[in-house]
K.L.:
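Mind having a look at this structure? Questions to follow.
Note that ligands are numbered from 1 as they come in the structure, with each ligand's atoms numbered from 1 the same way.
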Amino acid sequence: MFFVPLFLSNLNTKKIARKIEYIRTTGSTNKTIYDMWQNNEIHSGGALITDQQTEGKGRRGNQWISSASKSLTFSFILNDEDEVLNNKISLISGIAIIDGIKKIANLDCQLKWPNDIMYKNKKLGGILIEKKEGVFIVGIGINVNDLDFEESIQNKACSIYSITSRNTQREPLLAFIFNSFENLLTKNMSEIVKKWESVCNHINTFVKFHHSNQIIEAEFAGLNKDGKAKIKINNTEKIFHSGIIEL
Ligand code: BTN
């Protein structure tokens, strides 16, 4: 059960998530919120949260597995206003999650490019941003009170509970994430890039970079002014907007 009044009492945004829909179960919140938007049932800034996803989608066509009522599984929708939002949205989504977790659990999580939420090289959450017909759909999954994980992800996943041994209330956590997100929307790209780099767990280190069916040993040199990754391959810096990093 997700208590919307408790969420709203912690929310201090003007636009983001002032309208939130809660449904107990759905296939994928990204898909459902888009259907709602098409039916004029939700507008820019609106959010949808569920306790259980039956067909959760991850990046690159992967499945997203989460335990019912223990994780935060939600999406929100934003009008695609300008080029700047295009560059900002992925970065500020990641930073807002780091901020929210810090505020509620005093835990320092980090980001793995492009936007995995990590704690000591284990994944705690992920973000799937889809761009459709003038809108961004931002879908976020965070392992909050999950006790155990499916065998396939057991060694790679963690939750706030598995780190702190304490239960975390999902309602204020979600509100803190949206509070930070709306605040970050007002910041310029150079501030956002600086903040993102400060919470990245592989900045200026050598990583395995997967791109175009190749795996290259390269240095992750941070983000450029548009938020794209700067990867140094044989001392030559190249700019990438997609790829996978293996630590
Ligand atoms: C990733 O692969 O790291 C991204 C995972 C994103 C999962 C979230 S859960 C809420 C929203 N609905 C989905 O179907 N996926 C995203």
Side-chain angles (χ1 to χ4, degrees), residues 2 7 16-17 20-38 42 45-78 89-98 100-101 109-119 121-132 135-146 149-150 152-160 168 170-171 173-175 177-178 181 196 199-202 207 210 229 241-247:
F2 183 88
F7 163 75
I16 306 290
I20 186 160
E21 297 289 336
Y22 162 54
I23 40 179
R24 291 263 177 118
T25 178
T26 191
S28 153
T29 53
N30 268 33
K31 181 177 181 314
T32 310
I33 201 169
Y34 185 62
D35 292 344
M36 291 166 75
W37 183 80
Q38 284 190 308
I42 206 155
L48 170 70
I49 175 142
T50 191
D51 283 331
Q52 187 172 23
Q53 270 189 154
T54 52
E55 287 166 68
K57 298 191 287 182
R59 289 175 60 239
R60 302 175 171 275
N62 291 327
Q63 201 190 354
W64 181 256
I65 309 164
S66 47
S67 12
S69 301
K70 299 224 176 283
S71 59
L72 262 184
T73 306
F74 65 100
S75 300
F76 60 104
I77 200 154
L78 276 184
I89 194 159
S90 162
L91 306 180
I92 66 176
S93 301
I95 301 168
I97 298 168
I98 300 292
I101 295 174
C109 293
Q110 291 185 303
L111 293 172
K112 178 161 86 75
W113 186 80
N115 47 23
D116 284 345
I117 315 304
M118 307 295 289
Y119 186 81
N121 294 346
K122 284 192 173 182
K123 186 157 166 170
L124 194 138
I127 306 171
L128 173 69
I129 301 180
E130 297 180 280
K131 198 174 171 182
K132 292 183 178 170
V135 283
F136 289 106
I137 300 147
V138 184
I140 297 179
I142 304 173
N143 303 328
V144 181
N145 296 316
D146 308 58
F149 297 95
E150 272 198 5
S152 60
I153 55 170
Q154 236 169 43
N155 299 326
K156 300 187 277 192
C158 66
S159 66
I160 299 178
T168 296
R170 295 180 304 157
E171 293 84 351
L173 171 58
L174 184 59
I177 292 169
F178 283 130
F181 183 91
W196 192 96
V199 290
C200 168
N201 73 348
H202 52 79
V207 294
H210 299 229
H241 71 275
S242 68
I244 299 177
I245 280 187
E246 200 186 318
L247 301 175

K.L.:
How many angstroms lie between atom NZ of K57 and atom CD1 of I137, to the nearest 0.5 angstrom?
P.N.:
7.5 Å
K.L.:
Going by the angle between their ring planes, with limits at 30° and 60°, are F178 and F74 parallel, tilted or perpendicular?
P.N.:
perpendicular
K.L.:
What residues form a side-chain contact (heavy atoms from CB on, under 4.5 Å) with K123, not counting sequence neighbours?
P.N.:
W64, D116, M118
K.L.:
Write out each pair where an N or O from ligand 1 and one from the protein are under 3.5 Å apart, with the distance.
P.N.:
unit_1	atom_1	unit_2	atom_2	d
ligand 1	2 (O)	R59	N	2.7
ligand 1	3 (O)	K123	NZ	2.6
ligand 1	12 (N)	T29	OG1	3.1
ligand 1	12 (N)	Q53	OE1	2.8
ligand 1	14 (O)	S28	OG	2.7
ligand 1	14 (O)	Q53	OE1	3.3
ligand 1	14 (O)	K57	N	2.7
ligand 1	15 (N)	K57	O	2.7

K.L.:
Going by side chain to side chain donor-acceptor pair (under 3.5 Å), N30 matches just one of Q53, E130, K132. Which one?
P.N.:
E130
K.L.:
Working note: K31 + E55, criterion salt bridge (Lys or Arg N to Asp or Glu O under 4.0 Å); need CA distance, chi angles, decisive distance, verdict.
P.N.:
CA-CA 10 Å; K31 181 177 181 314; E55 287 166 68; over 6 Å; no
K.L.:
Please walk me through it: do F76 and F181 pass ring-ring contact (aromatic ring centres under 6.0 Å, His included)?
P.N.:
CA-CA 11 Å; F76 60 104; F181 183 91; 5.0 Å; yes
